[in-house]
> 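Take a look at this one; I'll ask things after.
Bear in mind that the values here come from a model prediction, so they are computed numbers and not experimental data. Reckoned from all heavy atoms, side chains included, excluding hydrogens, waters and symmetry mates.
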Amino acid sequence: MLCGSWRSRRRQPEEPLVPAQVATPVGLASPPASQEGNIKRPGLRALKKMGLSEDEDVRAMLRGSRFCKIRSPTWQKERLYRLQEDGLSVWFQRRIPRAPSQHIFFVQHIEAIREGHQSEGLRHFGGAFEPARCLTIAFKGRRKNLDLVAPTAEEAQRWVRGLAKLRARLDAMSQRERLDHWIHSYLHRADSNQDSKMSFKEIKNLLRMVNLDMNDMYAYGLFKVGTCHHSDLCLPQPWESSVPFPRPRLLWRVASFCRKAASGPYSTLSPREATEPGWEPGPRAPSSPSGRAQECDRSKNERLEGPEIEEFLRRLLKRPELEEIFHRYSGEDRVLSASELLEFLEDQGEHKATLAHAQQLIHTYELNETAKQHELMTLDGFMMYLLSPEGAALDLAHTRVFQDMDQPLAHYFISSSHNTYLTDSQIGGPSSTEAYVRAFAQGCRCVELDCWEGPGGEPVIYHGHTLTSKILFRDVIQAVREHAFTVSPYPVILSLENHCGLEQQAAMARHLHTILGDMLVTQTLDSQNPEELPSPERLKGRVLVKGKKLPDTRSENGCILSEREEEDEEEDEEEELGAVEQRRRAKQISPELSALAVYCCATRLRTLRPPPVPPQPCQVSSLSERKAKKLIREAGNSFVRHNARHLTRVYPLGLRMNSANYSPQEMWNSGCQLVALNFQTPGYEMDLNAGRFLVNGQCGYILKPVRLRSPNTTFDPECPGPPRTTLTIQVLTAQQLPKLNTEKPNSIVDPLVRIEIHGVPADCARKKTNYVLNNGFNPRWGQTLEFQLRVPELALVRFVVEDYDATSPNDFVGQFTLPLSSLKQGYRHIHLLSKDGASLSPATLFVHICIRSRATLGSAGASLCPTPALRSGGRDGGPAPPSSR
């Protein structure tokens with residue numbers, strides 16, 4: 001073993017933990033800890049605020065540990081891992097030094113921590129190591145698992161416990177705490193000499209780190225006096241300072257700027273306004289309660305420290321748009337009473353809100369104890385509320401299971417995966433049981449198993465006639481048993497694509513019985529209506545098999561043949577590849593496997609015309625995306641009626657060699673339940689899938705609209721009728737958008753917002769704002785986008801932020817997708833996600849949303865959804881001025 005002698009090579013405690021030849025990321029690696037661990041470091045402020053600075057497990061993680069990283073039987077390397085002082089990230093050693101961002105992973109991106117041999121990699125390659133020393137870090141998205149072996153069982157436990165504590169603390173943080181933690185982590189990184197003091201040069205570096213390019217004149221004014229209220233400012237002369245200092249001409253401009261500020265409209269100029277081209281003074285914003293801004297550099301030594309830094313950050317993080325909303329409802333006393341808060345909630349469209357609910361919000365989000373005792377809400381409490389899940393665009397009630405779960409399976413959209421075993425393309429990508437684990441973690445309820453003949457009588461799973469790797473069928477079933485119900489209790493469907501002979505089919509049935517046990521549905525639940533589909537509620541914790549069912553006929557040689565063959569274009573493609581014999585054998589169905597197809601009997605959909613004898617509801621059809629689209633075009637209403645009673649599975653064309661996806665919305669419009677996508681391929685298609693199943697507790701089942709459940713419906717997605725709903729969204733601001741190129745300090749995003757409607761073809765639309773130049777920290781738009789909707793109950797709303805580029809396609813920054821029916825009205829924050837669905841916290845959009853149905857348009861609609869009254873035409877509400885590069 002390559003790791004066999006690693007204990008003797010471990011460094012002694014007095015040696016530095018990071019060897020000189022290992023490139024540590026600038027501003028990320030902490031200095032070597034002393035033996036006693038008593039060195040006071042400014043970066044530990046973040047962990048102290050988390051309440052973990054004295055935790056023994058976390059302190060051990062700060063010192064770092066050398067693990068054996070395992071990838072294969074021959075690739076087993078010793079690597080150093082160390083928690084960063086921000087408590088948010090872990091630095092790790094690489095053999096070849098790379099860019100700093102390639103040397104860390106973030107705690108918030110961890111999906112799970114598994115102890116022992118609980119991953120595919122450790123089960124196959126870690127047998128030489130005792131399970132107590134092994135751990136696996138599983139990540140969200142596409143990042144591979146990290147399989148590690150610690151020197152001792154105690155060290156492994158320290159990391160398991162420490163990561164669990166950090167994850168629990170991060171999950172418990174409010175959005176305001178996340179923002180504070182985030183800005184202080186950047187502050188620590190910008191403090192280049194780690195002296196807990198910030199020079200002007202370090203402040204400018206901080207601004208670039210947080211995606212803000214501010215002109216030097218305003219930046220220096222903010223550095224010196226916050227908002228420059230002091231007219232008696234005395235700027236030090238260049239020769240009085242030993243630090244790099246602005247040019248003399250800039251000094252003259254700053255002094256002139258600050259002297260005018262005391263009585264002019266510049267007195268409340270915000271960092272956002274200082275970055276916008278073509279800015280002109282607008283109406284003066286409300287001043288602070290004291291009437292004077294606090295000076296940042298009070299010591300006048302060209303350094304900010306302690307309270308001066310906190311004052312600078314407070315100024316930097318000001319939200320003037322929230323202050324204006326707050327002052328509009330609070331009046332002159334600058335506090336909200338419970339009745340004033342109730343008025344705000346009613347204007348938000350929360351018509352069920354009561355005075356008691358307003359009082360409860362004050363007690364939940366108000367930070368000032370005195371105000372809380374008098375049932376008053378300050379600006380800080382108001383911001384805490386708007387940044388909380390209750391103030392988000394997604395209806396908090398819809399994050400739990402709120403729909404009727406007692407209807408037949410055919411009445412639900414069911415989260416479904418295609419080629420679930422793949423982690424990459426379907427031509428040469430690896431197959432893995434971990435792909436099933438990740439699909440279940442995303443709420444998937446229908447997974448696919450492509451079963452082929454394997455050596456030693458053991459069936460295997462892979463993409464036939466390709467270079468994809470193979471995994472054992474029994475290993476996949478074991479993963480189903482262990483992980484299928486960790487996220488959702490509702491039933492899982494195993495969609496079998498069977499290419500095995502009778503002997504190995506019997507082996508498949510045996511593995512399903514012995515491994516799944518009572519989880520497996522082997523007979524009907526209702527003896528009086530054996531063919532009727534049961535509900536998700538009745539099937540909680542159960543596994544269904546979708547496969548071919550035997551008729552009561554046999555061939556001349558005694559082999560049992562399937563006449564009810566599933567229509568599957570993948571089989572047609574196999575025949576073209578010369579798999580005629582394999583196809584012939586696949587027609588032979590083992591009675592043991594056939595008996596397991598109880599409620600999901602694979603059947604060929606020959607016609608949508610009503611047959612003389614109605615088909616049984618347990619019959620399931622599988623269609624390629626091409627055939628499904630053809631049925632939608634040619635027989636839209638008939639297809640909808642069919643899907644009101646029967647399950648239909650749709651899968652991507654086999655020609656999608658790179659495992660690309662199709663848009664699932666078109667299939668949902670016609671009521672198809674099992675719209676299977678390649679979960680391993682990120683993109684807008686998977687964003688739509690995640691948005692569709694975001695609600696109802698993310699349980700993987702969404703009740704279809706009434707018009708898609710009635711067997712006599714007249715609905716046709718191609719002819720939906722006239723518009724019934726108007727959706728109006730005013731895009732106001734964004735906050736703390738991520739940098740796209742963290743290795744280039746001067747690379748600042750120019751953000752724009754695009755809002756997309758995905759629904760029936762007549763409703764699909766996309767509109768966008770102007771872009772804001774060089775400001776990803778707190779850009780402002782104030783632009784209104786309006787959409788007319790015909791079938792709102794099927795519509796998804798996708799918010800997308802992009803980095804504008806005049807010469808090439810825009811770069812993706814973040815997105816959030818949700819059903820229109822779960823979108824709350826009023827002033828709301830949109831919490832952005834990355835390409836693979838990971839949180840980009842604290843990145844948010846701030847918008848105003850108005851939804852008016854045809855029955856409420858006009859004066860009634862206006863009372864339900866008032867137009868936002870933020871100032872327009874200036875910097876606070878009007879459209880962003882046209883920008884040019």
> Would you indicate whether the side-chain heavy atoms of Leu674 and Arg445 approach each other to under 4.5 Å?
no
> Donor-acceptor check, side chain of Arg692 to backbone of Ile414, threshold 3.5 angstrom: yes or no?
no
> Is Glu458 salt-bridged to Arg474, going by a charged N under 4.0 Å from an acidic O?
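So Glu458 pairs with Arg474 through a salt bridge.
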> Without hydrogens or angle criteria, can the side chains of Gln665 and Asn669 be said to hold a donor-acceptor pair below 3.5 Å?
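Yes, a side-chain donor-acceptor pair sits under 3.5 Å.
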> Please find the pair of heavy atoms, one from Cys500 and one from Gln505, that lie closest to each other, and give the distance.
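Smallest interatomic distance, heavy atoms only, reads O-NE2, 2.8 Å.
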> Could you go through the side-chain contact (heavy atoms from CB on, under 4.5 Å) check for His109 and Ser834 one step at a time?
CA-CA 11 Å; His109 293 166; Ser834 66; 5.9 Å; no
> With no hydrogens and no angle check, just 3.5 Å: does a side-chain donor-acceptor pair link Asn643 and Thr648?
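Checked: Asn643/Thr648 side chains pair up, N/O donor to acceptor below 3.5 Å.
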> Is any side-chain heavy atom of Tyr651 closer than 4.5 Å to one of Ser416?
no
> What are the two closest non-hydrogen atoms of Val620 and Cys600, and how far apart are they?
CG2-CA, 3.6 Å
> Could you list all the salt bridge (Lys or Arg N to Asp or Glu O under 4.0 Å) pairs where at least one residue sits in residues 651-677, not counting sequence neighbours?
Glu625-Arg656
> Does the side chain of Leu703 reach to within under 4.5 Å of the side chain of His411, using non-hydrogen atoms?
yes
> Whether the Ser590 and Glu592 side chains hold a donor-acceptor pair (N or O, under 3.5 Å, no angle test) is what I'd like checked.
yes
> May I ask you to decide if Leu653's main-chain N or O and Tyr662's side chain share a donor-acceptor pair within less than 3.5 Å?
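Between the backbone of Leu653 and the side chain of Tyr662 there is no qualifying donor-acceptor contact (under 3.5 Å).
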> Is Met405 close to Tyr412 at the side-chain level, that is, under 4.5 Å between some pair of heavy atoms?
yes
> Looking only at atom types and distance, does a side-chain atom of Thr423 sit under 3.5 Å from a main-chain N or O of Pro430, one as donor and one as acceptor?
yes
> With the side chain counted from C-beta on, respond yes when Val447 and Tyr421 share a heavy-atom pair under 4.5 Å apart, and no when they do not.
no
> Got Val545 and Leu520 here, is their nearest side-chain heavy-atom distance under 4.5 Å?
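Yes - at least one pair of side-chain heavy atoms lies under 4.5 Å apart.
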> Return yes if some donor-acceptor pair links the side-chain N/O of Asn696 with the main-chain N/O of Gln403 below 3.5 Å, else return no.
yes
> Can you see whether Ser119 engages Asp147 through a side-chain donor-acceptor pair at a distance of less than 3.5 angstrom?
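A pair is found: one side chain offers a donor N or O, the other an acceptor, under 3.5 Å apart.
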> So, does Ser431 use its side chain to make a donor-acceptor pair with the main chain of Ser469 at under 3.5 Å?
yes
> Looking only at non-hydrogen atoms, find the nearest pair between Lys140 and Asp836 and report the distance.
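For Lys140 versus Asp836, the nearest heavy atoms are O-OD2, 4.2 Å.
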> What pairs with Pro682 under side-chain contact (heavy atoms from CB on, under 4.5 Å), at least two apart in sequence or on another chain?
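In terms of side-chain contact (heavy atoms from CB on, under 4.5 Å), with neighbours along the sequence ignored, Pro682 is linked to Arg142.
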> Calculate, to the nearest 0.5 Å, the distance between atoms CG and CD belonging to Leu516 and Gln478 respectively.
8.5 Å
> Aromatic contact between His758 and Trp668, with the criterion being ring centroids under 6.0 Å apart: yes or no?
no
> Distance from Gln504 atom CD to Phe473 atom CZ, nearest 0.5 Å?
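Result: 11.0 Å between the selected atoms.
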> How about CG on Asp518, more than 12 heavy atoms from neighbouring residues, nucleotides or ligands closer than 6.0 Å, or not?
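No.
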> For side-chain contact (heavy atoms from CB on, under 4.5 Å), just list the numbers for Lys704 and Gln673, CA-CA rounded to whole Å, side-chain angles, deciding distance to a tenth of an Å, and then say yes or no.
CA-CA 9 Å; Lys704 297 195 293 187; Gln673 300 87 351; 3.4 Å; yes
> State, with a plain yes or no, whether a side-chain heavy atom of Asp395 is found less than 4.5 Å away from one of Phe402.
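SC-SC contact between Asp395 and Phe402 ruled out.
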> Would you call Arg114 and Glu482 a salt bridge, using N to O less than 4.0 angstrom?
no
> Measuring from Leu818:CG to Leu688:CG, what's the distance to the nearest 0.5 Å?
11.5 Å
> Are any non-hydrogen side-chain atoms of Gln407 and Arg709 less than 4.5 angstrom apart?
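With C-beta onward as the side chain, the pair touches.
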> With distance as the sole test, does Gln108 use its side chain to make a donor-acceptor pair with the main-chain N or O of Leu170 at under 3.5 Å?
no
> Whether the side chain of Asn678 engages the backbone of Ser659 through a donor-acceptor N/O pair (distance < 3.5 Å, no angle test) should be reported.
yes
> Nearest 0.5 Å, what's the OG1-CG distance between Thr522 and Leu544?
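Between Thr522 OG1 and Leu544 CG, I get 11.0 Å after rounding to 0.5 Å.
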> How about Gln619 and His646: does a side-chain donor come under 3.5 Å of a side-chain acceptor?
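Short answer, no.
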> Measuring from Thr817:OG1 to Phe693:CZ, what's the distance to the nearest 0.5 Å?
13.5 Å
> What pair of heavy atoms forms the shortest contact from Ala156 to Leu135, and how long is it?
CB-CD2, 4.1 Å
> So with a 6.0 Å cut-off around NZ of Lys835, is the heavy-atom count from everything else above 12?
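For Lys835, atom NZ is not crowded (no more than 12 foreign heavy atoms under 6.0 Å).
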> Cut-off 3.5 Å, side chains only: do Ser432 and Glu120 have a donor facing an acceptor?
yes
> Run the side-chain contact (heavy atoms from CB on, under 4.5 Å) check on Leu409 and Tyr490 step by step: do they pass?
CA-CA 11 Å; Leu409 286 177; Tyr490 291 102; over 6 Å; no
> Testing the basics here: between Thr420 and Ala435, what is the closest heavy-atom pair and its distance to 0.1 Å?
O-CB, 3.0 Å
> Which pair of heavy atoms, one from Met508 and one from Leu496, lies closest together, and at what distance?
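In this case the closest contact between Met508 and Leu496 is CE-CD1, 4.2 Å.
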> Between Thr468 and His463, do the side chains contain a donor N or O and an acceptor N or O under 3.5 Å apart?
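Not at all, the side chains of His463 and Thr468 share no donor-acceptor pair under 3.5 Å.
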> Is the backbone N or O of Gly501 less than 3.5 Å from a side-chain atom of Glu453, with the two atoms forming a donor-acceptor pair by type?
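Side chain of Glu453 to backbone of Gly501, a donor-acceptor pair under 3.5 Å: yes, one is there.
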> Donor-acceptor pair, Ser670 side chain versus Met667 backbone, under 3.5 Å?
yes
> Counting distance only, does the side-chain N/O of His117 pair as donor-acceptor with the main-chain N or O of Gly126 below 3.5 Å?
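Checked: pair present.
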> Measuring from atom OG1 of Thr433 to atom CD1 of Ile477, what distance do you get when rounded to the nearest 0.5 angstrom?
11.5 Å
> For Arg438 and Asn145, what are the C-alpha separation, side-chain angles and deciding distance, and is it a side-chain contact (heavy atoms from CB on, under 4.5 Å)?
CA-CA 11 Å; Arg438 294 192 178 207; Asn145 287 355; 3.1 Å; yes
